[in-house]
Amino acid sequence: MRDGGSGTGPVGEGAWWTDPALLVHGDFERVRALLEAVPGVRARSVAAVYRASAHLHRGATPVVRRHVLALDAARYGDRELAARISAVPVDGGNHARWAVEWATAGRVDCRFRYALSGWTVPSVATAVVDGRTVAVAPTWRGGDGRALRVWDVATGELVGEPLTGHDATVRTVATGILNGRPVAVTGGEDGTARVWDLTGRQQIGEPLTGHDGWVLDVSTVVVEGRLVAVTGGSDGTARVWDLGTGRQIGEPLARHDFWVQSVATVVVDGRPVAVTGSGATVRVWDLDTGKQRCAPLTGHAEQLLAVATAVVDGRPLAVTGGDYDATMRVWDLGTGKPVGDPLTGHSHRVSAVVTTVWGGRPVAVTGGGDNTARVWDLSTGEQVGDPLTGHTDQVGCLAVAEVDGAPVVVTAAEAAGIDHTVRVWDLTERRHIVEPPAGHGDSVVAVATADVGGRSVAVTGSADGTARVWDLATGETVGALLAAHTREVLHVAAGTVDGRPVAVTGSYDHAVRVWDVATGAPVGEPLGNPDGLMLARAMGTVDGRLVAVASDGYRRTKRIQIWDLATGESVGRFSRGYADKVTAVAVGMLDGRPVGVTGSDDRTVRVWDATTGRQIGEPLTGITCPVRALATGVVEGRTIVVVGSDDRTARMADLGTGRQIGEPLRGHTDGVCTVALGTVDGRPVTVTGSWDATVRVWDAVTGEQIGEELVFPAMVNAVVMAPDGRLAVGFGTELAVLTFR
């Protein structure tokens, strides 16, 4: 089969691998294998689109697969392919069709191979079993974390049945060779370590007991021909085990002040040593004598989270990752002194470190709280290439291996997080055909729409501290970056002041800022109050004046403030009636008067006269969990509010009567954190977005869901409908714009 062109031109219509119907309806394994075998940059780009969210569309219905593939094609900058995928008929064409117009792509990466979805993994290791490279990991699903599973790294297929035996959650795993056979060593919350034959798939011997608490980390090393494991525990000790006999060697390594949550092993001056991390201190132990080799290694600001070892230019080194200082540090284990300056690049904690040799040079791979993995040349201290991006939560564990002669990295997100995927990456560079549009550098958490000179725009707010304005038709940015905030931009709203479109942003930096949407220039001074902590949440009109409604809902005072955007003055407030903090605010019109609507952690929704500040009627109750999102609008002549809640539902209520309309909108599998009202194909609709990474569209009159859910590669934090019917969705770090056809 031939590539459809030089690799830099448009899609070759005769290339079988760009047939959108094949991508949507073809057998997943066959299509993936064929795509990976086709040479050329253009083919690799299509293959990258196909694999980008394979964990979502692999076993999905054609409707879901069509949407996910169109979305990823747009994220990779191929809007033409996205449009052709969106046009593929499925099930006779009876399903509602949302076509993806464009999407940003701050976190797509062609080095990504595939993801295993639905698993929470606290630790991962690799081994070679029967000639194939496998990943071995404790897995949590449904609250049970006692199973150890094995995957083929090349294909992503599970190998055999889970290995079980621990009586509580498994926290850590390492691998080694025992009597010529590959084994895994696990540590768990039951206080034991266990050894598993990966070929025979059974436990070897009795559990290794001795820790008075959880076993948090494990490492293996060969000492005088025998395989030895070093375990670190919550009892503040490290222990050394002969895996051949199942017996502890010597006394515990016990001079730690805190939990021993990181251990590594290496040979120094011909002698095996263990390196342990506890609190902010690294200790180096001679495994023959059980004594410390040197004074503790200190330098991290507070807690260190990970330890690994390597040999660079004949020198044994320890590589450590820190929590609050977000640095990686390198130590000479022969001298006990640091090597060079701390390595910086992650914007949050360094949660995991592994070392390997790549291209003949020693490298460290780090996982961070900024949701990335990074590769570092240990000889120079320089970062190698771009970060590996795609996880939607901090990267908490890593392993390295070789597949088909090429180095790969296995990553998993923080065990307590929301990204339940294990991902496999090529370390070698892969480039896609075009440069996709850049998105925000952190999560998109808010979106609003406005009109600028007759064109619809979206204003996005992000945890990266900025807001951006996007042309909804083209995907191009409008004006300058809105970048005066010093912390996360949590809320945005848009409207018109003195004939010009403006956006209002609220941030954790305590400032409410007003911006000219067309230029990105600030309008006036920031709005604020002496106590700070004001978050702009909504905009509306009160007595003919455009106002911003802000709250300090993250404090117990629970105050709502109203600001005149033309003058920058406070024109009112309402602050009584709450049993807990305010979590959502919306504005609307009820019986010809402006009202504010607030939702709270006390599971109520209240309506306020925006002019007098008095509560109207009784609170809307019956919500079983804290309120997370509100939207108001007029449906069939009555003003309604849509309420999104942690109970995984959305509810519609009549603001005039205070009564719920129909049954709750059910279907999401996690909290509904964002809602919107709009019109699609002439009928009013409610849109709900959830932490389950889906968007659902509902008939606002009947409460029936329209079509299947829209699946996204990351958690959905923001949705809004433009007056022209376009749907803008903020998911992970990205923004996507969809049109109903």
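Please read all numbers here as calculations on a predicted model, not as lab measurements. Residue numbers run from 1 in the order of the sequence given.
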Once rounded to the nearest 0.5 Å, what's the spacing between atom [atom1] of [X] and atom [atom2] of [Y]?
X: Leu35; Y: Ser45; atom1: CG; atom2: OG; result: 11.0 Å
X: Leu69; Y: Ser53; atom1: CG; atom2: OG; result: 8.5 Å
X: Thr344; Y: Gln383; atom1: OG1; atom2: CD; result: 9.5 Å
X: Cys397; Y: Arg171; atom1: SG; atom2: CZ; result: 11.0 Å
X: Trp376; Y: Glu382; atom1: CH2; atom2: CD; result: 9.0 Å
X: Arg255; Y: Arg283; atom1: CZ; atom2: CZ; result: 8.0 Å

Is the distance between the ring centroids of His300 and Tyr324 under 6.0 Å?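 For Tyr324 and His300, the ring centres are not under 6.0 Å apart.
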Between [X] (side chain only) and [Y] (backbone N and O only), is there a donor and an acceptor less than 3.5 Å apart?
X: Asp197; Y: Gln202; value: no
X: Arg271; Y: Leu287; value: no
X: Asp152; Y: Ala154; value: yes
X: Asp404; Y: Ala406; value: no
X: Thr694; Y: Val711; value: no
X: Thr220; Y: Thr175; value: yes
X: Arg65; Y: Arg58; value: yes
X: Asp323; Y: Gln303; value: no
X: Glu402; Y: Pro407; value: no
X: Asp370; Y: His348; value: no

Heavy-atom pair with the smallest gap, counting every atom of [X] and [Y]:
X: Trp358; Y: Leu427; value: CZ2-O, 3.2 Å
X: Leu178; Y: Leu243; value: CD2-O, 3.8 Å
X: Gly290; Y: Leu253; value: O-CD2, 3.7 Å
X: Gly250; Y: Gln248; value: O-NE2, 3.3 Å
X: Ser443; Y: Thr733; value: N-CG2, 3.9 Å
X: Gly367; Y: Leu398; value: N-CD1, 3.4 Å

Exercise for review: Please report the C-alpha distance between Val31 and Leu22 in whole Å, then the side-chain angles of each, then the deciding distance to 0.1 Å, and finally whether the side chain to side chain contact (heavy atoms under 4.5 Å, CB included) criterion is met.
Suggested key: CA-CA 8 Å; Val31 172; Leu22 175 67; 4.0 Å; yes
Do [X] and [Y] come close enough that some side-chain heavy atom pair is under 4.5 Å?
X: Val275; Y: Val263; result: no
X: Thr309; Y: Leu317; result: no
X: Leu148; Y: Thr164; result: no
X: Arg329; Y: Leu343; result: no

Quiz prompt | Lys291/Asp286 salt bridge by N-O under 4.0 Å criterion | solution =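 A salt bridge is absent here (no side-chain N lies under 4.0 Å from a carboxylate O).
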- Item | side chain to side chain contact (heavy atoms under 4.5 Å, CB included), paired with Thr276, selected from Val260, Val307, Val282, Thr281 |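 Per the side chain to side chain contact (heavy atoms under 4.5 Å, CB included) rule, the option paired with Thr276 is Val260, out of Val260, Val307, Val282, Thr281.
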Quick one: which of Val400, Val153, Thr126 gives a side chain to side chain contact (heavy atoms under 4.5 Å, CB included) with Val408?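 Exactly one candidate clears the test, Val153.
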Check: What do you reckon, is CZ of Arg293 surrounded by more than 12 foreign heavy atoms closer than 6.0 Å?
Finding: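 Yes, the 6.0 Å shell around CZ holds more than 12 heavy atoms from other groups.
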Got more than 12 heavy atoms from elsewhere within 6.0 Å of CG, Asp27?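 Buried by this count: over 12 neighbours within 6.0 Å.
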Do [X] and [Y] have side-chain atoms, one donor and one acceptor, less than 3.5 Å apart?
X: Thr172; Y: Asp217; result: yes
X: Thr186; Y: His166; result: yes
X: Arg374; Y: Thr372; result: yes
X: Thr411; Y: Arg423; result: no
X: His391; Y: Asn371; result: no

Enumerate the ring-ring contact (aromatic ring centres under 6.0 Å, His included) contacts for residues 228-263, please, sequence neighbours excluded, ordered by first and then second residue.
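Matches after skipping sequence neighbours: His256-Trp285.
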Kindly state each residue pair satisfying ring-ring contact (aromatic ring centres under 6.0 Å, His included) with at least one member in residues 205-232, sequence neighbours excluded.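 Qualifying pairs, neighbours excluded: none.
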- Applying side chain to side chain donor-acceptor pair (under 3.5 Å), name anything that partners Asp242, two or more places apart in sequence or on another chain.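 Testing Asp242 for side chain to side chain donor-acceptor pair (under 3.5 Å), a comparison that skips the adjacent residues, returns Arg226.
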Please list, chain by chain and in numerical order, all residues satisfying salt bridge (charged side-chain N to carboxylate O under 4.0 Å, His left out) with Asp190, sequence neighbours excluded.
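Only Arg194 meet the salt bridge (charged side-chain N to carboxylate O under 4.0 Å, His left out) criterion with Asp190.
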Set of salt bridge (charged side-chain N to carboxylate O under 4.0 Å, His left out) partners for Asp212, sequence neighbours left out
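None.
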Check: What residues, two or more places apart in sequence or in another chain, satisfy ring-ring contact (aromatic ring centres under 6.0 Å, His included) together with Phe731?
Finding: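 Phe712.
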Pick one: which of Phe112, Phe28, Tyr114 meets ring-ring contact (aromatic ring centres under 6.0 Å, His included) with Tyr50?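 Result for ring-ring contact (aromatic ring centres under 6.0 Å, His included) with Tyr50: Phe28.
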